[in-house]
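Each residue takes its place number in the sequence, starting with 1. Note that this is a predicted model, so its numbers are computed, not measured.
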Amino acid sequence: MRNSIVFGVLLALGGCGAIYKSPSISTQTASQTPVRVLAISGENLLLANSSPYRPKTLPAVFSQTAGTGSGFAGVQTYPQGAISAQPRPGSIETRLPPQVKHSPYRFGIGDVVVVATQGGFLSEGGASDPGVMQNIRRGHTVQDDGAVAIPNVGRVRIAHMTVDQAEATLFQAFVGNQIDPTFSLEVAEFNAHRVSIGGAVANPAIAAIKLTPLYLDEVIAAAGGITASDQDHASVRLYRDGSLYQIPLQRLYSDPKLMKTPLLANDSIFVDTEYDLARAQAYFEQQILLDDARRQSRELAVQELLTEVSLRRANLEEARSNFQVRSDFGANDQDHVYLTGEVKSQMRFTLPYEQRASLADALYGAGDGVLVRTGDISEIYVLRASPDPREFGAVTAWHLDARNAANLTLATRFELRPDDIIFVAEQPVTRWNRVIQQITPSLLTTSMVAAIN
């Protein structure tokens, strides 16, 4: 009976189609490819990590953001407004013009005079028919050279002369031309000496200086009066011979003597309102309208900006989703390493984008670590084929002995390269257990057959 059992065991061992063969690292492969085993140590890390490698980069859509849009392109640039702000002035300075004495009127260019002779008015036809001449009234204008052209007398210069001086000059001209010097001189139009007034008045006007003096109140009345609503900040300004004089409106109204300020030829009067209430109100209304327009424009621009950002975000999300789908189907070009041997999950580990993975990342991140019961932690290898064609596919087996747990820190610094193969050998007892597991079914079957026979 014992012999039958022994014979059955031998028959089972011999009849096993294939006794379990454990993988191992040898310095020579079947194809005679050399294998170099190097320990992973602090000194060899520099050599292992020195091989050139650039991780794959993600598409640009993964580094882009929806951003903040192209700016407030819809915001219009509005003008500052036609009405500008005006600060409230302080007290208005009084600068009175110097006192002037009245002087007789002197003829000037543009004045029109009429020379009347005894029996009629002197005309181009002479004074031979007084009855006819009474129906003719002809003025003589002081021309650019200061003279008037009188028929039968000629040109007589009277510019810058008073009436008395002009009469004496005409008398001499009449006598010199043997004409009866009985005449009278009249001024038909005063055009040579004028005063202008403008600003805050009803009707800006020009007033002529005549034989009698012209006063400030008369010019204001001729312009229809002052229309300034804010008398506290209004003044009457007088420009004369290159100098500017100023009388506050309140003082002008309170002092009758100032209203009787005499004016001279070519004086320019301007009623100025330094703070116009109507203008101030118009300015603030204008600012309110501009602010409302700017606010509406900004709201529209913000809506455009949000729409633009939403469209950009949708485009980015769609591009990223498409990339992910391509990755799921293996259509993207990616780098991988492979885990085999005594690991919890024999698999293909994808190297990350834009950064380098370590041996620890592959073992404990994807492969879930070494199988504790069957794996030999002293026999962890990273198999790396040489990229140099002159080495005929030589393989370097980087060996990590993790029996000393301190060596696991080396695994966190050992960089993986594409197509690396991580191999964890089995423990010796595991090898025998697997042999026995293969043998046991055959052994039991053979023993039972022998017992039956």
Side-chain angles (χ1 to χ4, degrees), residues 86-114 139 141-142 144 146 158-167 185-280:
Q86 52 177 347
R88 283 188 174 273
S91 60
I92 301 176
E93 180 184 359
T94 301
R95 296 188 298 272
L96 298 177
Q99 294 290 332
V100 295
K101 295 182 179 180
H102 174 67
S103 60
Y105 184 83
R106 294 180 179 273
F107 292 107
I109 298 172
D111 284 342
V112 178
V113 298
V114 175
T141 303
V142 180
D144 293 343
I158 64 173
H160 308 299
M161 295 182 182
T162 64
V163 176
D164 293 339
Q165 292 172 343
E167 288 179 345
L185 179 64
E186 299 178 7
V187 183
E189 296 180 15
F190 295 90
N191 299 322
H193 308 299
R194 298 180 293 180
V195 173
S196 64
I197 181 170
V201 292
N203 300 301
I206 296 178
I209 296 179
K210 302 180 180 180
L211 297 177
T212 57
L214 181 63
Y215 297 104
L216 179 60
D217 60 344
E218 297 175 354
V219 176
I220 294 175
I226 296 174
T227 59
S229 58
D230 186 9
Q231 298 183 2
D232 294 337
H233 301 99
S235 63
V236 176
R237 294 180 177 178
L238 173 62
Y239 183 78
R240 175 184 295 169
D241 295 332
S243 298
L244 182 64
Y245 306 99
Q246 180 174 266
I247 303 175
L249 192 58
Q250 281 190 337
R251 182 173 179 183
L252 181 67
Y253 285 157
S254 62
D255 191 347
K257 292 182 180 180
L258 295 178
M259 295 291 289
K260 288 298 180 181
T261 301
L263 301 177
L264 300 180
N266 300 322
D267 280 355
S268 180
I269 300 170
F270 188 84
V271 181
D272 186 22
T273 303
E274 296 189 10
Y275 191 81
D276 189 349
L277 294 177
R279 177 183 169 188

Whether H102 side chain and P262 backbone form a donor-acceptor pair below 3.5 Å: no

Contact check, side chains of F107 and T162, non-hydrogen atoms, under 4.5 Å: no

Within the 6.0 Å centroid threshold, strictly below: Y239 and Y245: no

E186 side chain reached by V113 side chain, heavy atoms, under 4.5 Å: no

Side-chain heavy atoms of L185 within contact of E167, under 4.5 Å: yes

Donor-acceptor under 3.5 Å (T227 side chain, A200 main chain): yes

Identified side chain to side chain contact (heavy atoms under 4.5 Å, CB included) partner of I269 from the options T261, V201, L263: L263

Whether over 12 other heavy atoms sit under 6.0 Å from R194 CZ: no

Sidechain-backbone polar pair: D267 side chain, L264 backbone, donor-acceptor under 3.5 Å: yes

Nearest heavy atoms of Y105 and I209, plus distance in Å: CE1-O, 3.2 Å

D111 side-chain N/O to V142 backbone N/O, donor-acceptor pair under 3.5 Å: no

Over all atoms of both residues, closest heavy-atom pair of A223 and A205: CA-CB, 4.4 Å

From CA spacing to verdict: side-chain contact (heavy atoms from CB on, under 4.5 Å), I92, S235: CA-CA 8 Å; I92 301 176; S235 63; 4.0 Å; yes

Interatomic spacing from CZ in R106 to CD in Q165 - rounded to 0.5 Å: 5.0 Å

Test side-chain contact (heavy atoms from CB on, under 4.5 Å) applied to I220 and L252, step by step: CA-CA 12 Å; I220 294 175; L252 181 67; 4.2 Å; yes

Inter-residue atom distance S243.OG - R95.CZ, 0.5 Å rounding: 10.0 Å

Minimal non-hydrogen separation, L96 against R251, with atom names: CD1-NH2, 4.2 Å

Side chain to side chain, R240 and V100, heavy atoms closer than 4.5 Å: yes

L258 and D217, any side-chain heavy atoms less than 4.5 Å apart: no

Residue pair H193 / G108: nearest heavy atoms and the distance that separates them: NE2-N, 4.2 Å

Considering all heavy atoms, the nearest I226-V271 contact: CG2-CG1, 3.7 Å

Residue pair L238 / L216, side-chain heavy-atom distance below 4.5 Å: no

L214 side chain reached by V195 side chain, heavy atoms, under 4.5 Å: yes

Whether Q246 side chain and E93 backbone form a donor-acceptor pair below 3.5 Å: yes

Nearest atoms (heavy-atom pairs only) where P248 meets T94: CD-OG1, 3.1 Å

